[in-house]
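Reviewing the structure listed below.
Just so it is clear, the structure is predicted and the values come from calculations on it, not from any experiment. All values below were derived from every heavy atom in this structure, side-chain atoms included, with hydrogens, water molecules and symmetry-related copies excluded.
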Amino acid sequence: MTERVFDDNASVWLDGAPPETPAPALARDLDVDVAIIGGGFTGVSTAYYLRKQHPNLGIALLEARTLANGASGRNGGLVLNGITVLDPSPDLVVREHAITNAAIDDLDALIREHALDVRFARTG
């Protein structure tokens with residue numbers, strides 16, 4: 001059996017994916033309305049929703065390595081309904097469950113809207 005070596009800065013989820021052809025490095029300055037630094041969950045979702053709500057904005061998403069590199073690529077791949085541990089009052093737990101469940105609904109809808117080929121299952 002071959003020993004697996006993990007790069008601390010590489011996404012485990014990309015293991016086995018087709019090789020990515022990186023975009024060339026910037027050869028000139030860009031003139032944009034919004035520059036987003038980092039292609040993790042926050043950067044990609046910010047670029048996506050900005051483009052969707054403001055299609056005329058000039059948006060640049062700048063990533064030094066690959067999308068979902070770093071912390072976004074090292075997540076556990078779980079989508080949870082609630083995380084409250086400090087104040088388990090029933091009212092807070094109910095509100096948090098509703099908010100996180102709505103976020104999961106949004107994620108499910110996004111996957112379906114774009115027919116994304118991802119491993120997403122609402123189980124557990």
Side-chain angles (χ1 to χ4, degrees):
M1 183 171 166
T2 305
E3 180 182 336
R4 292 183 58 102
V5 177
F6 287 95
D7 173 356
D8 290 342
N9 293 309
S11 170
V12 175
W13 303 108
L14 294 177
D15 187 32
E20 180 183 356
T21 304
L26 289 177
R28 61 181 175 75
D29 290 344
L30 296 178
D31 185 10
V32 296
D33 299 303
V34 179
I36 300 166
I37 310 300
F41 289 138
T42 303
V44 170
S45 63
T46 299
Y48 173 81
Y49 285 106
L50 268 176
R51 170 66 64 216
K52 197 167 185 172
Q53 292 176 13
H54 305 282
N56 295 327
L57 278 181
I59 301 169
L61 174 62
L62 306 169
E63 170 55 55
R65 295 183 183 224
T66 60
L67 295 180
N69 186 68
S72 291
R74 291 190 304 268
N75 78 77
L78 302 176
V79 182
L80 305 174
N81 279 57
I83 56 172
T84 298
V85 293
L86 298 177
D87 179 11
S89 67
D91 183 52
L92 179 60
V93 171
V94 167
R95 285 193 340 253
E96 185 178 77
H97 182 271
I99 290 168
T100 56
N101 200 51
I104 295 169
D105 290 342
D106 290 346
L107 177 61
D108 192 13
L110 186 66
I111 291 167
R112 292 176 192 276
E113 176 186 349
H114 295 283
L116 300 176
D117 184 16
V118 297
R119 294 171 286 179
F120 176 75
R122 272 187 106 144
T123 60

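Heavy-atom contacts from other residues, nucleotides or ligands closer than 6.0 Å to CG of Asp106 number more than 12.
Under the 4.5 Å side-chain criterion, counting only non-hydrogen atoms from C-beta, Arg95 is in contact with Leu92. By the 4.5 Å heavy-atom criterion applied to side chains, Thr42 and Thr46 are counted as neighbours.
Contacts of Leu57 classified as side chain to side chain contact (heavy atoms under 4.5 Å, CB included), with partners at least two apart in sequence or in another chain: Asp33, Val34, Leu50, His54, Ile59.
For the atom pair OG1 (Thr100) and CD1 (Ile104), the distance works out to 5.5 Å, reported to the nearest 0.5 Å. For the atom pair Leu61 CG and Arg51 CZ, the distance stands at 11.0 Å (nearest 0.5 Å).
Residue Ile37 belongs to a hydrophobic cluster whose other members are Leu26, Leu30, Val32, Leu62, with links defined by side-chain heavy atoms closer than 4.5 Å.
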